[in-house]
Amino acid sequence: QVQLVESGGGTVQPGASLKLTCEFSKGAFDSYTIGWFRQAPGKEREFVAAISWFPGRHSYADFVKGRVTISRDNARNTVNLRMNGLKDDDTAVYFCAATKRVAATESDQHYTDWGRGTQVTVSL
C-alpha cells in the first residue's frame, strides 16, 4: 500500500511563498503520477497541479498558473509544490495523491492513494 505524507503547510501573510512536500513510500515512485488537491472549508476538493512519472508532463489549474510550480525528485521520492503570491482564498487543506496513470490527470477520481493533508492558512 502506497503511503503519502504531506508537509510544509503553515500560516503566512498574503503575498508570501510556501513549499509543500509530498513524501512517497511503499511503492515504485517512478511509476506514479502525483497530484496536489486542496479543500477549503465548506467547498469541494479541487485540483491544483499534477506531475506525471513520464518526464515533462505536468498540468496546473487555471487559478494557480504562474504562481505555482510542481516538481519531483525521483532520488528522494518526493514531489514539491512551490506556491508564490499566496492569497486569502488559497487557504485550504492541501492533499497529495498518487495514480499509475501516465497522464498528469486533474480528476480526483483517477487517484488511488491519498495523504492526510497539510493546512495552509493565508491571513494578515
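Just so you know, residue 1 is the first one in the sequence shown, and it goes up from there.
- The two atoms that bring C96 and I34 nearest to each other are CB-CG2, 4.3 Å, heavy atoms only.
- When all heavy atoms of W53 and D30 are compared, the closest pair comes out as CB-O, 3.3 Å.
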Give every donor-acceptor pair under 3.5 Å between a side-chain atom in residues 113-124 and any protein atom, sequence neighbours left out.
residue	atom	partner	partner atom	Å
D113	OD1	Q1	NE2	3.2
T118	OG1	G9	N	3.2
Q119	NE2	A92	O	3.4
Q119	NE2	T121	OG1	3.3

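- Side-chain atoms of Y32 do not come within 3.5 Å of backbone N or O of R101 as any donor-acceptor pair.
- More than 12 heavy atoms of other shown residues, nucleotides or ligands fall within 6.0 angstrom of atom CZ in F63.
- The pair K65-D62 meets the salt-bridge criterion, since a charged nitrogen lies less than 4.0 angstrom from a carboxylate oxygen.
- A50 and Y111 get closest at one heavy-atom pair: CB-OH, 3.4 Å.
- Side-chain atoms of R57 do not come within 3.5 Å of backbone N or O of A104 as any donor-acceptor pair.
- One side chain, N74 or R72, offers a donor N or O that lies under 3.5 Å from an acceptor on the other.
- Taking hydrophobic clusters as Ile, Leu, Val, Met, Phe, Trp and Tyr residues chained together by side-chain heavy-atom distances below 4.5 Å, Y94 shares a cluster with V12.
- Note that CD of Q3 is 4.5 Å distant from OG of S25, once rounded to the nearest 0.5 Å.
- Contact detail for V2 and A98: the closest heavy-atom pair is CG1-CB, 4.5 Å.
- Annotation: the span from H110 atom NE2 to T99 atom OG1 amounts to 8.0 Å, rounded to 0.5 Å.
- For the side chain to side chain contact (heavy atoms under 4.5 Å, CB included) test, residues two or more places apart in sequence or in another chain that qualify with T78 are T21, E23, D73, R76.
- A 4.5 Å side-chain heavy-atom check between R67 and D90 finds at least one atom pair inside the cut-off.
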(message) Apply ring-ring contact (aromatic ring centres under 6.0 Å, His included) to residues F95 and F37 and explain how you reach the verdict.
(response) CA-CA 5 Å; F95 301 89; F37 294 79; 8.7 Å; no
Side chains of residues 41-48: which donor-acceptor partners sit under 3.5 Å, not counting sequence neighbours?
residue	atom	partner	partner atom	Å
R45	NE	D108	OD2	3.3
R45	NH2	D108	OD2	3.2
E46	OE2	R38	NE	2.7
E46	OE2	R38	NH2	3.1

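- Residue S71 forms a side chain to side chain contact (heavy atoms under 4.5 Å, CB included) with just one option from N80, V79, L81, and that option is N80.
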(request) I would like to know whether H58 and S52 meet side chain to side chain contact (heavy atoms under 4.5 Å, CB included); could you show each step before the answer? (result) CA-CA 6 Å; H58 47 72; S52 172; over 6 Å; no
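- Note: the hydrophobic cluster containing I51 also contains L20 (ILVMFWY, side chain heavy atoms under 4.5 Å, direct or indirect links).
- In this structure the side chain of P14 never reaches within 4.5 angstrom of the side chain of K87, judged on heavy atoms.
- Here the straight-line distance linking atom OG of S17 with atom CG of L86 works out to 6.5 Å at 0.5 Å rounding.
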